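Here's the structure we're looking at; comments come further down.
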Amino acid sequence: MDPSTTPRPTLLVVDGHSLAFRAFYALPVDNFSTEDGQATNAVYGFLTMLSQVIEAEKPDRVGIAFDVKGGTFRNELLTEYKGTREAAPEELLSQLPLIQQALTALGVRWIEKTGYEGDDVIATLATMGERDGCRVLVLSGDRDAFQLIDDDVTVLYPGYHFKDLKHMDSAAVEAKYHVTPRQYPDLAALRGETSDNIPGVPGVGDGFAAKWINQYGGLDAIIEHADEIGGKKGEALRENLDQVRLNRRVNALVRDLDLGVTIDDLGYGHVDADLTERLFGELQFGERTRTKLLASFNTAPDALGGQGQPAIPAIVEPLVDTLTDVASLRMWIEQYCPPADATGDGPDRSLDVIAEYDRQSTQCADAVRRSWTLYVDGDAKPGHAEARMAAIMAGAHAVAFDPADPRYHDTLRALLDTHAGSLSVHGFKELLHMLAAADLSCPAVLFDTNLGGYLIDPDFQGGGLEECAAHFLDIHIDERAGGPSQGTLGFEDDDQDEDPVQRCIDHAAVVAALARRLAPELERREQYPLLRDIELPTSRVLFHMERIGASVDRVRLDELHAQFADESARMETIAERAAGRSLNLQSPKQLGVVLFEEMGLKPTKKTRKGSYTTNAAALQMLYSTSEEGSKANEFLGALLRHRETNKLKQIVETLIDAIDPKDGRIHTTFTQTVTATGRLSSVDPNLQNIPNRNAAGREIRSGFVPGGGFVDLLSADYSQVELRIMADLSGDEALIEAFRAGADFHRYVASLVFGIPVDEVTPDERARVKAMSYGLAYGLSTYGLSKQLGIPNSEATTLRDRYFETFGKVHDYLESLVANARRTGYTETIFGRRRYFPDLNSPNRQRRDAAERGALNAPIQGSAADIMKIAMVRADRALRGAKLTSRVVLQIHDELVVELAAGEVEEVTALVKDAMEHAVDLAVPLDVSTGVGTDWQRAAH
DNA sequence: CCCAGATATTC
DNA sequence: AGATCAATATCTGGGC
């Protein structure tokens with residue numbers, strides 16, 4: 001990446017008052033006044049001076065800072081602050097609003113902040129610009145601005161004639177004052193500033209101040225060694241220490257104000273012609289002045305026909321700094337990484353001290369803009385995580401190093417301990433795994449671009465950084481790396497193995513760009529509370545669960561495997577004998593040939609692609625209609641048994657393969673950003689679909705056991721969460737009452753639906769109502785209901801009608817979900833998690849119907865997912881808080897599995913149950929049933 | 001080797 | 001004609 005191919009944009013920050021003063025005193029009032037006596041010299045001078053600088057420097061962005069009337073925090077420190085500076089003459093003050101109006105008309109952004117000086121606004125803008133990868137020019141006649149100077153910031157300091165602006169960079173400051181820009185405020189504090197009525201040490205000027213600074217390193221050290229300084233000046237220093245300290249506090253500029261603007265808001269070039277004409281008319285500017293100013297401000301660099309200026313590139317080209325030793329990393333961090341407390345309004349919540357869900361506080365963009373980025377390259381797989389390389393990006397600067405390198409390890413640890421609250425990452429959970437591999441941890445994090453992207457668009461199947469960058473930034477990382485015309489002209493050898501350091505840094509830059517892009521979007525969609533209060537804390541819990549893993553009984557699994565394999569093989573033999581030939585029972589195609597051609601069975605329903613289905617339901621149908629004792633009957637019976645046992649054999653096999661030989665446990669990965677509704681999923685292996693419905697399959701659960709040092713497993717699951725959520729959200733009194741009534745919920749509902757006493761409800765009636773209840777939230781059709789229950793469509797229709805008569809508000813609620821989604825484009829869970837449904841307006845009937853069912857289901861399934869995440873975080877916190885050893889190991893949507901340590905059974909059961917039941921306060925109580933046993937099957941209840 | 005389709009499992 | 005939300009994993013068979 002050759003920087004010259006993507007020039008860094010330039011930001012011009014102007015000290016408005018300083019420029020207005022200059023203009024006022026440079027031009028005679030007499031020559032610049034309107035007929036009715038309004039002075040215009042400052043307005044005229046200000047605008048022409050500004051236009052000159054813009055033409056000379058051709059910045060891409062411009063921001064003008066102004067002071068606000070009234071005191072600032074500095075007045076409270078120093079009562080006499082700026083006391084002798086003669087109040088600006090009324091003739092100048094009256095022009096300030098005119099200047100601001102003119103700037104607005106000319107399309108130039110000006111900014112002020114109550115309680116702060118223009119200098120602080122300047123410092124903040126400069127810092128923001130630097131962070132966004134800009135070259136920053138500060139136009140100011142105030143020497144306090146010199147402290148802002150560094151590689152990226154230059155101060156334009158007016159000389160005697162305004163025209164000869166001095167470009168003050170580090171070298172210029174050092175040449176003139178013999179101190180670095182960072183040390184300049186120390187020097188100023190010693191020397192004082194007469195123009196601001198700030199007394200320094202009597203008899204100490206620039207020369208002595210610089211001498212001391214260079215001798216001792218800085219003001220703090222000088223104060224420390226004040227006793228050692230001899231002579232009159234040393235005495236004077238000791239007598240004025242308090243004053244000097246105060247001076248230093250007063251001249252420190254505030255660099256992290258919340259100005260409510262981004263650098264991208266500081267574009268210019270769009271003159272409001274009407275407004276300008278009117279204002280310039282009132283000011284009685286001459287024709288030549290008008291056209292010149294208009295042209296000057298309308299000609300933004302590269303403006304294409306006046307439309308817009310170049311966008312700030314999403315990616316800030318990293319300025320890579322080289323590390324030589326620990327000290328260099330420490331210094332780098334101190335210089336560039338913002339401490340957590342500088343990020344402002346409190347997104348720095350330690351994840352171990354989770355605040356209550358706070359839907360109101362949704363601000364994060366400003367903090368994220370100021371945040372630093374950590375990218376770790378390595379492997380996040382639970383069990384064998386590894387951290388190969390780490391890159392830190394802060395502002396436009398970046399460094400990379402091996403986090404395990406003892407030279408940097410402790411410094412990184414300290415950085416994470418103190419600065420994690422202002423950290424942006426991509427994939428907090430994965431980061432925790434990789435950090436843990438390097439014996440590091442991370443107490444908090446401000447932003448996660450993976451989770452953030454997921455909350456913005458849960459239907460986007462992204463996951464990786466590359467996909468996110470492509471989706472949200474339209475940046476294609478691979479192309480960036482190896483693409484043509486990227487500065488490798490004539491050198492085509494190193495495309496293969498790109499420098500891992502550069503790669504890591506590039507990725508950190510992408511994360512930084514993503515964070516800046518996503519945070520405002522997250523704010524706009526009010527999703528930040530979900531990220532901060534639910535997803536990030538959940539990530540940490542999942543990290544622990546994955547790292548711990550689930551213990552299994554290898555012997556038991558082997559035994560089950562042998563059992564299933566044996567039966568599967570026997571069934572295969574029988575099936576082949578009945579078919580009269582060998583075939584692959586796992587090939588639907590081959591099965592079709594045998595069943596529908598060779599055996600001549602009546603073809604079943606077709607699949608989408610036209611072939612005949614051989615799924616279990618169809619085979620069962622064929623089986624029960626085939627003649628007892630026939631070859632087909634025998635074949636189908638064996639095939640069905642084979643299907644079942646072979647599947648179970650396969651499941652056990654993958655579980656066995658997944659056992660980590662290091663600890664005999666299975667470490668699944670919970671993916672937090674894949675489901676469109678907010679649920680988790682489990683991969684590699686999937687531990688959320690271990691058989692449970694059939695007795696044979698359920699046996700596999702007996703292979704999940706407490707690990708060494710633990711005595712039992714606890715299984716805790718929510719009863720009818722989704723129905724309870726429906727009751728709460730719909731506000732249906734009858735349904736709410738049904739839950740309050742306790743006892744057998746489905747039986748009670750059936751009695752209401754059929755209008756009969758509870759004890760007269762038959763098992764069949766109960767089953768029908770239960771299926772109806774659950775089908776509701778899925779958008780189940782009467783056709784589907786009839787098929788599921790094996791009843792005629794007419795009966796299903798009657799059932800549905802009676803159900804909705806009984807629970808009218810449920811019906812209304814479900815309809816309102818779809819209606820609202822069609823209006824707003826999205827659905828929302830209790831906690832505000834959104835899912836978008838563009839297909840609700842699709843002309844395609846099928847897609848539209850599917851979207852309607854989705855819109856029905858998403859808020860309900862999603863709310864249940866939110867609740868479970870909160871419950872997990874609460875449970876984890878409760879267990880840790882009580883210093884218990886027992887730990888959550890699995891989550892299966894509405895169930896938590898906990899590994900119980902000896903003597904903790906009762907306490908843990910109570911804590912987990914409470915954590916789950918009180919995760920949220922609904923109109924109906926949440927009910928959690930628990931069971932304890934020596935394996936997962938026995939823990940079932 | 002990759003992808004789609006069919007089938008299975010879970011909540 | 002199609003008709004239940006959300007997932008993951010395995011196997012087959014076709015295509016490159």
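On a predicted model such as this, the values are computed, not experimentally measured, just so you know. Each chain gets a letter, A, B and so on, in the order the sequences are listed, and its residues count up from 1.
- The residues A:Asp876 and A:Arg887 are annotated as not salt-bridged, no charged nitrogen and carboxylate oxygen being separated by less than 4.0 angstrom.
- For A:Tyr826 and A:Phe837, the gap between ring centers reaches or exceeds 6.0 Å.
- The CD-P distance, from A:Gln672 to C:dA7, rounds to 15 Å in whole Å.
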Task: Canonical and wobble pairing (Watson-Crick, G-U, under 3.5 Å) of DNA chain C, dot-bracket with | - done: .....||||||||||.
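- Contact between the side-chain N/O atoms of A:Ser681 and the OP1/OP2 oxygens of C:dT8 is found at a separation under 4.0 Å.
- A:Asn694 has its CG atom 7 Å from the P atom of B:dT9, to the nearest Å.
- Taking the charged nitrogens against the carboxylate oxygens, A:Glu805 and A:Arg802 have no contact shorter than 4.0 Å, which rules out a salt bridge.
- At the heavy-atom level, A:Thr782 lies nowhere under 4.0 Å from the strands shown.
- Listed candidates were B:dT10, B:dC11, C:dA6. Nearest to the side chain of A:Thr675 is C:dA6.
- Closest-nucleotide positions on DNA chain C for A:Gly854 and A:Gln846 were compared, and the one nearer the 5' end corresponds to A:Gln846.
- A:Thr930 and A:Thr909 form no side-chain donor-acceptor contact under 3.5 Å, judged by distance and modelled atom types alone.
- Remark: A:Arg833 CZ to A:Arg525 CZ distance equals 14.0 Å, nearest 0.5 Å.
- Regarding A:Asp657, its CG atom lies at a distance of 9 Å from the P atom of C:dT10, rounded to whole Å.
- Checking A:Glu699 against A:Gln937 by side-chain atom types alone, a donor-acceptor pair falls below 3.5 Å.
- No hydrogens or angles were tested; on distance alone, a donor-acceptor pair under 3.5 Å links the side chain of A:Gln861 to the base of C:dC5.
- Rounded to a whole Å, the CD atom of A:Gln688 is 16 Å from the P atom of C:dA6.
- Residue A:Ile892 is classed as a sugar-phosphate contact, given heavy-atom separations below 4.0 Å to backbone atoms only.
- Rounded to the nearest 0.5 Å, atoms CG (A:Leu785) and CZ (A:Arg800) are 9.5 Å apart.
- Between A:Leu655 atom CG and B:dT9 atom P the separation is 15 Å, expressed in whole Å.
- Residues of residues 632-651 of chain A having a heavy atom closer than 4.0 Å to DNA chain B, listed by number: A:Arg643, A:Lys647.
- When heavy atoms are screened at a 4.0 angstrom cut-off, A:Ala676 is found touching the sugar-phosphate backbone but no base atom.
- Using a 4.0 Å heavy-atom criterion, one finds that A:Gly775 contacts no nucleic acid atom at all.
- Atom pair A:Asn857:CG and C:dT4:P shows a separation of 13 Å (rounding to whole Å applied).
- Ion pairing between A:Arg556 and A:Glu559 holds under the 4.0 Å rule for side-chain N and carboxylate O.
- Around CZ of A:Arg547, the count of heavy atoms belonging to other residues, nucleotides or ligands within 6.0 Å does not exceed 12.
- Out of B:dT10, C:dT8, C:dT12, the shortest distance to the side chain of A:Val674 is found at C:dT8.
- Taking 4.0 Å as the cut-off between side-chain N and carboxylate O, A:Lys869 and A:Asp866 do not count as a salt-bridged pair.
- The base of C:dT8 does not come close enough to the side chain of A:Asn686 for any donor and acceptor atom to sit less than 3.5 Å apart.
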Please write out the pairs of protein N or O atoms and N or O atoms of nucleotides 14-16 of chain C separated by less than 3.5 Å, giving the distance to one decimal.
unit_1: C:dG14; atom_1: OP1; unit_2: A:Lys589; atom_2: NZ; d: 2.8

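- Closest to the A:Thr671 side chain, of the nucleotides C:dT4, C:dT12, C:dT8, is C:dT8.
- Nucleic acid contact class of A:Arg698 (heavy atoms, under 4.0 Å, all strands): none.
- Between A:Phe543 and A:His433, the angle of the ring planes goes over 60°, which puts this pair in the perpendicular group of the 30/60° scheme.
- Within the 4.0 angstrom heavy-atom criterion, no nucleotide atom of any strand lies near A:Glu895.
- In the displayed structure, A:Phe804 atom CZ is contacted under 6.0 Å by more than 12 heavy atoms of other residues, nucleotides or ligands.
- Rounded to whole Å, the distance from CG on A:Asp684 to C1' on C:dA7 is 15 Å.
- Across all strands shown, A:Arg679 has heavy atoms under 4.0 Å from base atoms, whether or not it also approaches the sugar-phosphate.
- A:Gln586 places its CD atom 13 Å from the P atom of B:dT9, with the value rounded to the nearest Å.
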- [ ] Begin with the C-alpha distance, continue with both residues' side-chain angles, and end with the deciding distance and a verdict on side chain to side chain contact (heavy atoms under 4.5 Å, CB included) for A:Ile700 and A:Leu655.
- [x] CA-CA 10 Å; A:Ile700 297 176; A:Leu655 288 178; 3.7 Å; yes
